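Numbering of ligands and ligand atoms starts at 1, following listing order. None of the values given here were measured: they were computed from a predicted structure.
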Amino acid sequence: MSKLRVAVLGAQGRIGSEAVRAVEAAEDMELVAALGRGDKLETLAETGAQVAVELTTPASVMDNLDFCVRHGIHAVVGTTGWTEGRLAQLNTWLAASPETGVLIAPNFSIGAVLTMKFAQIAAPYFESVEVVELHHPNKVDAPSGTATRTAQLIAAARAEAGLGPQPDATTTALDGARGANVDGVPVHAVRLRGLLAHQEVLLGGEGETLTVRHDSLHHSSFMPGILLGARRVVTTPGLTFGLEHFLDLG
Ligand SMILES: NC(=O)C1=CN([C@@H]2O[C@H](COP(=O)(O)OP(=O)(O)OC[C@H]3O[C@@H](n4cnc5c(N)ncnc54)[C@H](OP(=O)(O)O)[C@@H]3O)[C@@H](O)[C@H]2O)C=CC1
Ligand SMILES: O=C(O)C1=N[C@H](C(=O)O)C[C@H](O)C1
């Protein structure tokens, strides 16, 4: 059977360099391009890449995806910075290239995907919920894509269960003291040397709390998700948001 032809964008970066090694080590894949900033996107077409793994920056990702979708190259995207406007733009591009698939995964690690799922399940049963994400200090965006997605899922689960606003008597606060407000869920971002990627979801009800915590201790935690995404995206046209759609989580 022929190997899946995979390219990595952001190949010299922290996660991109790990993805290059993972693709090279995968028996069913061939690494056909490893591109960094300034490299020509035309290389993707010239090398016959079927899937581009996009691991760059929020400032670069849209131009890269525009090129990929126009050339019918499927994409597996870990880069953060997704807004409603950006997703709408991407869907417009995909509508003009209906055979092409794009997976955007706020987090490729199975533990992080499960954290989101567990938080979603727990959310209707607790009056209060806050998200704390903790990352290495070289991270350029805050809050993390994972924390933003987690808060959105929690907010949707609360709304569906008919829960109102959270209790919070704060009337005076320093800027940022209560975190970022993502759909009514406070999200706090910590940047600390020594950390990689971590998240806690704190849930509180009368007389009890529940904490769901996940730690990515090495970039290898993201690799099985990236490889799974590359294998599945080629037969999944359109936009898929979240790796959970490629997992059987029940
Ligand atoms: N979904 C997930 O599971 C994960 C997502 N991420 C996300 O992935 C992204 C990358 O993270 P990280 O590796 O830590 O960041 P890095 O800054 O280490 O890596 C980004 C790399 O992309 C390069 N780059 C920038 N623009 C382009 C471009 N147009 N074409 C090709 N390469 C480009 C940068 O080059 P230069 O240094 O020259 O600017 C750099 O080498 C972030 O958005 C992060 O949040 C990270 C880990 C897991
Ligand atoms: O920048 C990182 O490192 C990470 N970014 C992603 C995010 O913003 O959620 C995923 C993971 O947290 C690591």
Side-chain angles (χ1 to χ4, degrees), residues 7-22 33-44 49 52-68 73 75-83 86 102-116 119 131-153 180 182 187-201 213-230 233 240-247:
V8 176
L9 300 175
Q12 282 88 46
R14 278 177 290 273
I15 183 170
S17 53
E18 188 79 21
V20 164
R21 286 189 287 277
L35 305 186
R37 183 191 291 279
D39 289 338
K40 288 198 175 76
L41 288 173
E42 285 69 25
T43 305
L44 297 176
V53 178
E54 217 290 351
L55 301 165
T56 63
T57 68
S60 298
V61 63
M62 292 305 279
D63 285 348
N64 289 340
L65 290 182
D66 182 17
F67 180 93
C68 289
I73 299 167
V76 170
V77 184
T79 304
T80 44
W82 290 99
T83 60
R86 284 183 164 214
V102 174
L103 166 69
I104 298 174
N107 204 302
F108 288 111
S109 91
I110 182 68
V113 173
L114 287 172
T115 300
M116 289 186 251
V131 177
V132 185
E133 57 96 330
L134 310 90
H135 280 82
H136 58 89
N138 302 103
K139 185 167 177 58
V140 296
D141 56 313
S144 71
T146 307
T148 303
R149 183 67 180 153
T150 306
Q152 290 167 341
L153 292 171
V182 179
V187 179
H188 310 269
V190 175
R191 296 292 174 264
L192 204 68
R193 185 70 68 203
L195 296 183
L196 176 50
H198 317 259
Q199 177 164 289
E200 284 189 1
V201 181
R213 180 174 173 115
H214 173 255
D215 299 276
S216 266
L217 305 172
H218 190 273
H219 279 99
S220 55
S221 63
F222 305 114
M223 296 307 123
I226 289 178
L227 298 182
L228 172 70
V233 77
T240 302
F241 196 94
L243 186 68
E244 62 275 18
H245 299 290
F246 288 176
L247 299 167

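Without hydrogens or angle criteria, Ser109 side chain to Ser221 main chain gives no donor-acceptor distance under 3.5 Å. Remark: side-chain polar atoms of Asp39 are paired, donor with acceptor, to backbone N or O of Gly36 under 3.5 angstrom. Ser60 places no side-chain N or O within donor-acceptor distance of the main-chain N or O of Thr57, the cut-off being under 3.5 Å. Of the possible donor and acceptor atoms, one in the side chain of Thr79 sits under 3.5 Å from a partner among the backbone N and O of Thr56.
Considering backbone and side-chain atoms together, Lys139 places an N or O closer than 3.5 Å to an N or O of ligand 2.
The heavy atom nearest to atom 6 (C) of ligand 2, out of those in Pro106, Ala197, Ala142, is found in Pro106.
Residue contacts with ligand 2, taken as heavy atom pairs separated by less than 4.0 Å, do not involve Ala112 at all.
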### Task
Could you go through the side chain to side chain contact (heavy atoms under 4.5 Å, CB included) check for His198 and Thr146 one step at a time?
CA-CA 10 Å; His198 317 259; Thr146 307; over 6 Å; no
#### Entry: Thr150/Val182 under side chain to side chain contact (heavy atoms under 4.5 Å, CB included): CA gap, chis, key distance, verdict
CA-CA 9 Å; Thr150 306; Val182 179; over 6 Å; no
### Task
Check step by step if side chain to side chain contact (heavy atoms under 4.5 Å, CB included) holds for Glu244 and Met116.
CA-CA 9 Å; Glu244 62 275 18; Met116 289 186 251; 5.6 Å; no
### Evaluation steps, side chain to side chain contact (heavy atoms under 4.5 Å, CB included), between Met223 and Arg21
CA-CA 9 Å; Met223 296 307 123; Arg21 286 189 287 277; over 6 Å; no
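Around ligand 1, the residues contributing at least one heavy atom under 4.0 Å from the ligand are Gly10, Gln12, Gly13, Arg14, Ile15, Leu35, Gly36, Arg37, Leu55, Thr56, Thr57, Ser60, Asn64, Gly78, Thr79, Thr80, Ala105, Pro106, Asn107, Phe108, Lys139, Phe222.
At the top of the distance list for atom 12 (O) of ligand 2, counting protein heavy atoms only, stands His135 NE2, 2.6 Å.
Of all atoms in ligand 2, numbered sequentially from 1 with element shown, those under 4.0 Å from a heavy atom of Ser144 are 7 (C), 8 (O), 9 (O). Of all atoms in ligand 2, listed by their number and element, those nearer than 4.0 Å to a heavy atom of Asn107 are 10 (C), 11 (C), 12 (O). For ligand 2 and Gly145, the ligand atoms under 4.0 Å from any heavy atom of the residue are 7 (C), 8 (O), 9 (O). Close contacts of ligand 2 with Thr146, meaning ligand atoms under 4.0 Å from a residue heavy atom, involve 7 (C), 9 (O), 10 (C), 12 (O).
You'll find the side chain of Glu54 stays beyond 4.5 Å of the side chain of Leu103, heavy atoms only. For the pair Thr240 and Val233, the minimum side-chain heavy-atom distance is 4.5 Å or more.
Using a 4.0 Å cutoff on heavy atoms, His136 counts as a contact of ligand 2.
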